[in-house]
**Q** 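Okay, here's the structure, questions in a sec.
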Amino acid sequence: ALDAGARIAEVKLGEVTGTVQIRKGAGAEWHDAKSGDVLEPNDGVRPADGSYAVLVGGETWQVKMEPGTEVGIGELRESITKLLLETGMARASVKGGGRHVFEVRASNSDAVATTDGGVFTIANNGQGTVALGAESGEVAFAGGGRVVIVRAGQQSIVKPGQPVSDPITIPSSLLLKVA
């Protein structure tokens with residue numbers, strides 16, 4: 001029998017607004033998805049322009065994807081979730097309670113955001129610039145060989161070939177508007 005740490009946590013498509021597509025496995029064809037569809041490692045999700053999608057990882061986390069965003073599903077375990085932000089912007093709400101690690105990597109960058117609880121938004125322009133803003137909790141944000149802790153009300157950015165920036169405090173109304 002597998003131990004609990006190896007058990008894969010289920011991820012579903014939650015609320016869907018407009019047209020959202022998923023692909024089952026790397027390199028597979030995209031097709032229209034609906035709320036309740038189950039996602040597995042190596043699957044991808046993308047809302048069309050003007051459309052939104054929410055990914056739900058059980059009771060532990062949810063991610064709201066902005067229009068035109070693409071996310072790939074990585075590892076899904078009881079102890080850790082790994083997602084890949086290909087392009088676009090997503091807002092993650094994580095209730096790990098210290099028992100679950102939630103990680104987002106960014107395509108075309110070495111940027112990685114990790115938290116065991118909190119709310120943050122991450123944006124990737126697909127060309128190596130990745131920005132992260134935290135609304136609550138703390139997020140470890142790594143890039144360019146450096147790690148910073150981004151706390152509520154702070155934002156940090158990774159640019160191509162540069163280490164992650166020192167977090168700066170900004171008004172929440174401005175969080176990630178610059179991305």
Side-chain angles (χ1 to χ4, degrees), residues 10-58 60-76 81-94 102-115 118-136 139 141-144 150 154-162 164-165 170-179:
E10 186 166 79
V11 175
K12 286 184 176 173
L13 206 48
E15 192 181 341
V16 167
T17 309
T19 301
V20 176
Q21 294 185 311
I22 60 177
R23 60 167 169 75
K24 302 301 289 180
E29 295 288 310
W30 291 91
H31 61 267
D32 288 352
K34 63 186 186 308
S35 181
D37 283 355
V38 174
L39 293 148
E40 292 159 345
N42 299 315
D43 290 355
V45 187
R46 64 177 190 197
D49 286 345
S51 302
Y52 294 85
V54 177
L55 300 178
V56 180
T60 308
W61 58 267
Q62 64 175 14
V63 171
K64 183 177 185 186
M65 297 172 61
E66 297 289 322
T69 298
E70 184 180 330
V71 167
I73 310 295
E75 272 186 74
L76 299 175
T81 296
K82 293 185 181 183
L83 301 182
L84 178 69
L85 180 62
E86 298 278 3
T87 55
M89 186 157 85
R91 180 176 181 267
S93 304
V94 182
F102 181 86
E103 175 186 291
V104 180
R105 291 180 175 272
S107 279
N108 298 318
S109 169
D110 66 351
V112 185
T114 311
T115 188
V119 177
F120 68 94
T121 299
I122 184 167
N124 180 7
N125 72 354
Q127 281 138 40
T129 298
V130 183
L132 182 139
E135 291 175 49
S136 68
V139 184
F141 193 37
V150 184
Q154 293 184 328
Q155 179 170 313
S156 177
I157 193 163
V158 175
K159 291 180 176 167
Q162 296 179 19
V164 62
S165 71
I170 55 169
S172 55
S173 60
L174 294 177
L175 270 181
L176 285 195
K177 292 292 189 285
V178 299

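Remember, predicted model here, so these are calculated numbers, not experimental data. The chain is numbered in sequence order, starting from 1.
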**Q** Under 4.5 Å between any side-chain heavy atoms of Thr60 and Thr81, yes or no?
**A** no
**Q** Taking salt bridge (charged side-chain N to carboxylate O under 4.0 Å, His left out) as the cut-off, I'd like each qualifying pair that reaches into residues 102-113, sequence neighbours left out, listed once.
**A** Glu103-Arg105
**Q** Looking at CD1 of Ile170 and CD of Gln154, how far apart are the two atoms once the value is rounded to the nearest 0.5 Å?
**A**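 That separation rounds to 9.5 Å.
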**Q** Answer yes or no: is there a side-chain heavy-atom contact under 4.5 Å between Trp61 and Val11?
**A**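 Yes; the side chains approach each other to less than 4.5 Å.
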**Q** Show the nearest heavy-atom pair for residues Leu76 and Pro41, with the distance to one decimal.
**A**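 Reported closest heavy-atom pair: CD1-CD, 3.8 Å.
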**Q** Of all residues at least two apart in sequence or in a different chain, which pass the side-chain contact (heavy atoms from CB on, under 4.5 Å) check with Val119?
**A** Arg91, Ser93, Glu135, Ser136
**Q** Under 3.5 Å, side chain of Asn124 to main-chain N/O of Ala106, donor-acceptor pair present?
**A** no
**Q** Decide if atom CD of Glu15 counts as having more than 12 heavy atoms of other residues, nucleotides or ligands within a radius under 6.0 Å.
**A** no
**Q** Please tell me if the side chains of Pro47 and Pro67 come closer than 4.5 Å, counting only heavy atoms from C-beta onward.
**A**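 They are not in side-chain contact.
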**Q** Got Val16 and Val54 here, is their nearest side-chain heavy-atom distance under 4.5 Å?
**A** no
**Q** Check step by step if side-chain contact (heavy atoms from CB on, under 4.5 Å) holds for Val139 and Thr114.
**A** CA-CA 6 Å; Val139 184; Thr114 311; 5.8 Å; no
**Q** Taking Ile157's backbone N and O only, do any of them form a donor-acceptor pair with Ser165's side chain (distance below 3.5 Å, no angle check)?
**A**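 Judged by distance alone, yes, a pair lies under 3.5 Å.
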**Q** Applying side-chain contact (heavy atoms from CB on, under 4.5 Å), can you list everything that pairs with Gln127, at least two apart in sequence or on another chain?
**A** Asn125
**Q** When Asp43 is tested against each of Lys12, Arg23, Lys24 for salt bridge (charged side-chain N to carboxylate O under 4.0 Å, His left out), which residue passes?
**A**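 Exactly one pass, corresponding to Lys24.
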**Q** Would you say the side-chain atoms of Thr129 pair up with the backbone N or O of Lys159, donor to acceptor, closer than 3.5 Å?
**A** no
**Q** Does some side-chain heavy atom of Leu83 sit less than 4.5 Å from a side-chain heavy atom of Ile73?
**A**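 The answer is yes, as the side chains (C-beta and beyond) meet within the 4.5 Å cut-off.
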**Q** Would you find a donor on one side and an acceptor on the other, under 3.5 Å apart, between the side chain of Asn108 and the backbone of Gly126?
**A**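 Yes.
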**Q** Do you know which two heavy atoms are closest between Tyr52 and Lys64, and how far apart they sit?
**A**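 Shortest heavy-atom separation between Tyr52 and Lys64 comes out as CD2-CE, 3.5 Å.
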**Q** Under the rule for side-chain hydrogen bond (donor to acceptor under 3.5 Å, both in side chains), what residues qualify as partners of Gln62, not counting sequence neighbours?
**A**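 Once residues adjacent in sequence are excluded, Gln62 has no partner under the side-chain hydrogen bond (donor to acceptor under 3.5 Å, both in side chains) criterion.
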**Q** Ser109 and Ala111: which non-hydrogen atoms are nearest, and at how many Å?
**A** OG-N, 2.9 Å
**Q** Could you pull out the closest heavy-atom pair between Val158 and Ala142, with the gap in Å?
**A**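 Scanning both residues completely, I find the closest heavy atoms to be CG2-O, 4.3 Å.
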**Q** Are the side chains of Val104 and Val63 in touch, meaning some heavy atoms are under 4.5 Å apart?
**A**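 No - every pair of side-chain heavy atoms lies 4.5 Å or more apart.
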**Q** Identify all side-chain donor-acceptor contacts of residues 32-40 below 3.5 Å with residues at least two apart in sequence or on another chain.
**A**
from: Lys34; atom 1: NZ; to: Asp37; atom 2: OD1; distance (Å): 3.0
from: Ser35; atom 1: OG; to: Gly14; atom 2: O; distance (Å): 2.8
from: Asp37; atom 1: OD2; to: Lys34; atom 2: N; distance (Å): 3.0

**Q** Would you say the side-chain atoms of Glu70 and Thr87 include a donor-acceptor pair closer than 3.5 Å?
**A**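 Looking only at side-chain atoms, Thr87 and Glu70 do not form any donor-acceptor pair under 3.5 Å.
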**Q** Check whether any side-chain heavy atom of His31 lies under 4.5 Å from a side-chain heavy atom of Ile22, and answer yes or no.
**A**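 Heavy-atom side-chain distance check passes, below 4.5 Å.
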**Q** The criterion is salt bridge (charged side-chain N to carboxylate O under 4.0 Å, His left out); which residues satisfy it with Lys82, sequence neighbours excluded?
**A**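 Testing Lys82 for salt bridge (charged side-chain N to carboxylate O under 4.0 Å, His left out), a comparison that skips the adjacent residues, returns Glu75.
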**Q** Determine the minimum heavy-atom distance between Asp49 and Gly68, stating which atoms define it.
**A**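 Heavy atoms of Asp49 and Gly68 come nearest at OD1-CA, 4.0 Å.
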**Q** With a 4.5 Å heavy-atom cut-off, do Thr115 and Phe120 have their side chains touching?
**A**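 Yes, their side chains come closer than 4.5 Å.
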